[in-house]
Structures are given as structure tokens and as C-alpha cells.
Amino acid sequence: MANDVSPRIGGADRVEIRTSGTPPTSLGTLAVAVVIVASLYFGREVFVPVALAILLSFALGPLVLLLRRWHLGRVPAVIVAVLLAFSIIGGIGTFLGSQLAHLAGDLPEYQSNVAQKIHSLRASTGGGGIIDRTSKMVKNLGKEIEKPETGDKTAANQPAASPPSVQPQSPVPVEIRQSASTPIQLIYEAAAPLLQPLVTAGIIVVFVIFFLLQREDLRDRFIRLAGAGDLRRTTVALDDAARRLSRYLLAQTAVNASFGVLVGSGLWFIGVPHPGLWGILGMLLRFIPYIGPITAAALPMIVALAVDPGWSMLLWTTAMFVVVELTTGQAIEPWLYGHSTGLSGIAVIVAAAFWTLLWGPI
């Protein structure tokens with residue numbers, strides 16, 4: 001530290017203390033950011049369960065507090081909340097799997113309707129429509145590409161350049177036999193695809209229980225690390241942030257669940273197959289910003305297009321999604337959330353793209 005005494009100004013001596021040192025450069029900041037991103041990417045097997053557990057602990061926090069107000073102990077309240085949450089998640093996953101299996105079995109029945117619609121579109125454009133002209137252009141281009149190759153083959157098959165004939169030899173048959181798998185190998189091959197999701201789910205359950213049991217202790221430890229200068233204000237800020245985040249997650253879940261109920265009921269009334277599947281998928285996909293609602297509407301619209309020989313089911317499905325999404329996204333959510341999140345649309349899109357590249361759909 002170097003002291004620099006300035007000249008007398010206004011009858012008083014002004015002393016300026018200048019700290020010798022260099023601020024962190026942008027290159028150093030970039031290096032730290034690269035290290036952090038690389039750590040998040042290569043450590044995603046550990047960080048993804050922890051992030052999901054933190055999210056679920058915030059969502060289940062109000063339920064645990066409610067159970068404790070009902071004179072239930074801390075440990076029983078946490079166990080009841082976790083069992084209830086993962087039972088609902090497991091039930092939704094089982095229902096989705098069974099519905100998707102039924103849908104995959106029904107798809108071949110809709111092939112004739114799709115072919116009929118394609119023929120009607122071709123007939124509506126006329127014999128010389130854009131579809132026929134495009135197909136003819138593609139065929140002509142294919143013939144032009146094959147012409148030089150045909151000419152080369154013709155030149156290469158001249159009698160003067162023909163090689164001497166060689167008697168073909170009969171191939172030797174080869175038979176590959178696999179040894180019979182043992183029962184342990186069969187069990188491992190059947191269970192291997194399920195091991196990773198089960199291990200991840202188990203880690204998430206353990207972390208959620210730990211976070212909920214040690215919620216106050218973790219908060220106090222974080223306060224001692226980050227807010228030792230003003231413990232009261234830091235405690236109030238953390239409690240307020242946790243309470244707001246929990247309420248926001250519960251409100252978003254309630255809105256998306258209402259969206260799924262309306263979508264499932266509307267699709268059932270219209271006659272689209274598996275309305276419960278599309279209602280639950282609509283609820284889950286609405287958690288994905290911007291892209292989720294579009295995907296939730298596109299899937300049942302494709303099924304409506306394939307099921308109905310005409311176009312009325314597709315039109316009714318499209319109109320229903322437009323009305324429900326506009327009502328939910330433009331009226332209910334702004335009234336319920338307001339500007340409490342403080343996030344711009346660009347920030348949400350960039351964040352969604354960034355974390356999708358790092359950790360995938362989770």
C-alpha cells in the first residue's frame with residue numbers, strides 16, 4: 001500500500017490512500033467460467049440429482065411445514081411428504097408408459113386415414129400441381145446424375161478391355177453359434193437398462209430427505225458463511241426467498257395441472273384417443289418455456305389428423321389448444337405471477353438453451 005498526500009485544498013490536507021494491486025482481468029474471469037462450465041458438464045451425473053433434489057425440497061417445503069403444524073414430528077412429516085410426492089411421480093410415469101404402449105399399437109390402424117389425406121391433397125392441387133411437378137423434377141435430376149455413370153459402364157464393358165473369365169468358386173458356409181446365456185446373464189441384460197434410472201431416483205430420494213431434514217441447519221450454515229456481517233437481514237432474506245420460490249413452484253404446478261385437466265377434458269369431448277395421456281403430457285411440457293406448449297399441442301393434433309378421416313377433429317383440437325393456452329398464458333399466469341420473477345424472456349430462453357446443452361432435457 002502506498003500513501004499519496006495531495007496538496008492543501010481549502011485549508012485542509014487531503015490524504016489519498018491508493019491500493020496497489022491489479023483487478024482481475026477478463027481473461028482470468030473467462031478461465032474461471034470455463035472451468036465452472038466444464039465441471040458442471042463432466043460432473044452432471046452428480047450435479048443433476050442434487051439440482052433436482054434441491055428443486056423438490058423447495059416444492060415440498062410448504063407441505064412439510066403444514067404437516068408439522070398438524071403436530072406431526074419432523075421426521076414423520078418429511079417421510080410422508082417424500083412418499084406422497086414420489087408415489088404421484090411413479091404413478092404418472094406408469095400411466096404414461098401404458099398409454100404410450102397402447103398408442104404405439106394403434107398407430108398402424110391410422111395409416112389408411114393418413115394415406116387418404118395425402119391423396120386428397122394431391123387431387124386438390126390437380127394433376128400438374130406442385131407435388132407432381134416436384135416429384136417429376138426429382139426423378140429427372142436422378143436420371144441426369146445416373147447418365148455419366150451409365151456411360152462409363154458402357155465404355156468399360158467393351159470386348160477389347162474385357163478381362164479373362166474366371167470360374168466362380170462356391171462360398172464356404174460359416175455358421176456362428178452363441179453359447180447359451182446363464183440365468184444371471186439374462187437377468188443382468190434385462191435389468192441393465194433400468195439400473196441407471198433407478199440409481200438416479202434413489203440418489204434423488206436420499207438428497208430430498210436429507211435437505212428437508214436438515215433445512216434449518218443448512219440455512220444457518222450458509223448464513224454463517226455468506227452473511228456473517230448482518231445475521232438478521234441475511235436470515236430474513238433467505239427465508240423470504242425460500243418462501244417465494246416454494247409458492248412460485250406450487251403455483252406453477254397448480255396452473256399446469258389445471259391446463260392438463262382442461263386439455264384432457266376437451267380432447268375427450270372432441271374424441272381424440274388417449275385424452276389422459278395428452279393432458280398429463282401437456283401439464284409436464286408446460287414447465288418447458290415457450291417450446292413446451294407448442295409440443296403439447298402438436299402431438300394430439302398429429303393424432304387427430306391420423307384418426308379422423310376428415311378434418312373436423314384437427315380443427316377442433318387446434319381451436320381448443322389456442323383458447324386454453326391464450327387464457328392460461330395471457331390471463332391467468334400474468335395475474336397470478338405478475339412480475340415477481342424478475343426475468344426477461346430472453347434470459348429464460350438463454351438459460352433453457354444453456355442448461356439443455358449441459359444436462360440434457362432434465
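Computed from a prediction, not measured in an experiment: that's the story for all the values here. Scope of the values below: all heavy atoms of this structure, side chains included, with no hydrogens, waters or symmetry mates.
- Within the 4.5 Å cutoff, the side chain of V272 has no heavy atoms near those of the W316 side chain.
- Here the CZ-CG distance, from F86 to L60, works out to 7.5 Å after rounding to the nearest 0.5 Å.
- Note that OG of S98 is 8.5 Å distant from CG of L277, once rounded to the nearest 0.5 Å.
- Here the closest heavy-atom approach between residue A59 and residue P62 is recorded as O-CD, 3.6 Å.
- Atom CG of residue L103 and atom CG of residue L299 lie 9.5 Å apart, to the nearest 0.5 angstrom.
- Taking both residues in full, the closest heavy atoms of T327 and V323 are given as OG1-O, 2.7 Å, listed atom of the first, atom of the second, then distance.
- Minimum interatomic distance between G73 and R68 (heavy atoms only, all atoms of both residues): O-CG, 4.4 Å.
- Using a 4.5 Å heavy-atom cutoff, the side chains of V263 and M283 are not in contact.
- A chain of hydrophobic side-chain contacts below 4.5 Å, direct or via other Ile, Leu, Val, Met, Phe, Trp or Tyr residues, connects W278 to V307.
- Annotation: cation-pi geometry not satisfied between R44 and F42 (NZ/CZ under 6.0 angstrom from ring centroid, within 45° of ring axis).
- In this structure, the side chains of F259 and E325 come closer than 4.5 Å at one or more pairs of heavy atoms.
- In this structure the side chain of V37 reaches within 4.5 angstrom of the side chain of F354, judged on heavy atoms.
- Taken together through direct or relayed side-chain contacts under 4.5 Å among Ile, Leu, Val, Met, Phe, Trp and Tyr, L326 and I294 form parts of separate hydrophobic clusters.
- Counted within 6.0 Å of CZ on F95, heavy atoms from surrounding residues, nucleotides or ligands total more than 12; the atom is thus considered enclosed.
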**Message:** F211 vs V78, test: side chain to side chain contact (heavy atoms under 4.5 Å, CB included). Steps then yes/no.
**Reply:** CA-CA 10 Å; F211 288 148; V78 170; over 6 Å; no
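- Counting non-hydrogen atoms of neighbouring residues, nucleotides and ligands closer than 6.0 angstrom, the CD1 atom of I89 exceeds 12 such neighbours.
- Environment of CZ in F287: crowded, with over 12 heavy atoms of neighbouring residues, nucleotides or ligands closer than 6.0 Å.
- Shown here for R74 and L213, the closest heavy-atom pair between the two residues is NH1-O, 3.4 Å.
- Clustering ILVMFWY residues whenever any of their side-chain heavy atoms sit less than 4.5 angstrom apart, transitively, puts M313 in a cluster other than the one holding I302.
- Considering only heavy atoms from C-beta on, R286 stays 4.5 Å or farther from Q252 through its side chain.
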**Request:** Go through R243 and D240 one step at a time and tell me if the side chain to side chain contact (heavy atoms under 4.5 Å, CB included) criterion holds.
**Result:** CA-CA 5 Å; R243 184 167 54 253; D240 183 67; 3.3 Å; yes
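- Contact of the F210 side chain with the S57 side chain is not registered, since no non-hydrogen atoms from C-beta on lie closer than 4.5 Å.
- In the hydrophobic clustering of this structure, L262 does not group with F269; members are Ile, Leu, Val, Met, Phe, Trp, Tyr whose side-chain heavy atoms approach within less than 4.5 Å, directly or through other members.
- Put simply, the side chain of F47 reaches to within 4.5 Å of the side chain of W359, judged on heavy atoms.
- Contact annotation: the side chain of L267 approaches that of T317 to within less than 4.5 Å [non-hydrogen atoms, C-beta and beyond].
- The structure places CD1 of I203 at 11.0 Å from CG of L52, a figure rounded to the nearest 0.5 Å.
- Nearest heavy atoms, P275 versus W268: CB-N, 3.6 Å.
- In the hydrophobic clustering of ILVMFWY residues, with side-chain heavy atoms under 4.5 Å counting as a link, V48 and I36 come out together.
- Atom NE2 of residue H274 and atom CD1 of residue I280 lie 13.0 Å apart, to the nearest 0.5 angstrom.
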**Message:** Run D308 and L314 through side chain to side chain contact (heavy atoms under 4.5 Å, CB included) and show every step you take.
**Reply:** CA-CA 8 Å; D308 188 15; L314 175 62; over 6 Å; no
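- If you take CG on L249 and CZ on F58, they are separated by 8.5 Å, rounding to the nearest 0.5 Å.
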**Request:** Give the C-alpha distance, both sets of side-chain angles, the deciding distance and a yes or no for side chain to side chain contact (heavy atoms under 4.5 Å, CB included) between L67 and V80.
**Result:** CA-CA 9 Å; L67 293 175; V80 169; 3.9 Å; yes
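- Of all the heavy atoms in F207 and A53, the pair that sits closest is CB-CB, 3.3 Å.
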